[in-house]
Asks: 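One structure follows; several queries about it will come next.
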Amino acid sequence: GAGVSQSPRYKVAKRGQDVALRCDPISGHVSLFWYQQALGQGPEFLTYFQNEAQLDKSGLPSDRFFAERPEGSVSTLKIQRTQQEDSAVYLCASSSKGYSNQPQHFGDGTRLSIL
Amino acid sequence: AQSVTQPDIHITVSEGASLELRCNYSYGATPYLFWYVQSPGQGLQLLLKYFSGDTLVQGIKGFEAEFKRSQSSFNLRKPSVHWSDAAEYFCAVAGNTGNQFYFGTGTSLTVIP
């Protein structure tokens, strides 16, 4: 497709379950970002990939969070043993090059609710 | 460290009135600055960006923003607001030494008919 695609749009899980969120970036985009957006807040950086390499994961809040992009295109954000504080919208963005001055194109996000 | 402050949590304007949304940033060098808009349940859409050069930048949907280094500001303006402009607006800064974007907490815009 023409834009960044995220699935599922909504995910409800019980506390302690594992979840996997998918991001399909714009074709050919080198850079891929994951953000967490809590209610009423701006997006907060989680992690960054350049092609298949995860160059920055400093924003991941705990070792329960894991992201991968094995073939340099689709990415998956996995959260293990989910907690209520993980409830948020998870946004994926991609940009065409590996420079920070490139605008990021965002998907519509996955709204995760942990019961 | 980079940071962005959007002092106004919520703004209400009448349709047809002018709009200014404030953004202040903290960054040691020349920043890359962006404004994004987010409608409910949607991702963020880029309105405009500033990298260098002319400090007044034009964006989509009739928006413009002015970079003022002396004030560390990048305020967003629109001369005449339309009802469809009601949304959440985010200012963001990116440094030239990394790939992180830092977003403000957003300003929610309500447009009164």
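Atom set for the values below is all heavy atoms of this structure, side chains included, hydrogens, waters and symmetry mates excluded. This is a predicted model, so every value here is computed, not measured. Proteins get letters first, then strands, A, B, ... in listed order; numbering begins at 1 in each.
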Asks: Extract all donor-acceptor atom pairs below 3.5 Å that involve side chains of residues 36-48 of chain B and protein atoms in other chains or at least two apart in sequence.
Replies:
| residue | atom | partner | partner atom | Å |
| --- | --- | --- | --- | --- |
| Y36(B) | OH | Q104(A) | N | 3.0 |
| Y36(B) | OH | Q104(A) | O | 3.0 |
| Q38(B) | OE1 | Q37(A) | NE2 | 3.1 |
| Q38(B) | NE2 | Q37(A) | OE1 | 3.1 |
| Q38(B) | NE2 | Q42(B) | O | 3.0 |
| Q45(B) | OE1 | K61(B) | NZ | 3.2 |

Asks: If the plane angle is over 60° it's perpendicular, under 30° parallel, otherwise tilted; pick one for F101(B) and F33(A).
Replies: tilted

Asks: Can you tell me if CD1 on I9(B) sees more than 12 non-hydrogen neighbours from other groups inside 6.0 Å?
Replies: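 Atom CD1 in I9(B) is not packed in, count stays at 12 or less.
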
Asks: Minimum heavy-atom separation for P103(A) and F51(B), please, with both atom names.
Replies: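 Closest heavy-atom pair between P103(A) and F51(B): CD-CZ, 4.3 Å.
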
Asks: Report, as yes or no, whether the 6.0 Å neighbourhood of atom CG on L39(A) holds more than 12 heavy atoms from other residues, nucleotides or ligands.
Replies: no

Asks: Looking at chain B, which one of P43(A), S58(A), G109(A), C92(A) has the largest number of heavy-atom pairs inside 4.5 Å, strictly under?
Replies: P43(A)

Asks: Applying side-chain hydrogen bond (donor to acceptor under 3.5 Å, both in side chains), which residue pairs with at least one partner in residues 2-22 of chain A are found, sequence neighbours left out?
Replies: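 Residue pairs passing side-chain hydrogen bond (donor to acceptor under 3.5 Å, both in side chains), neighbours aside: none found.
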
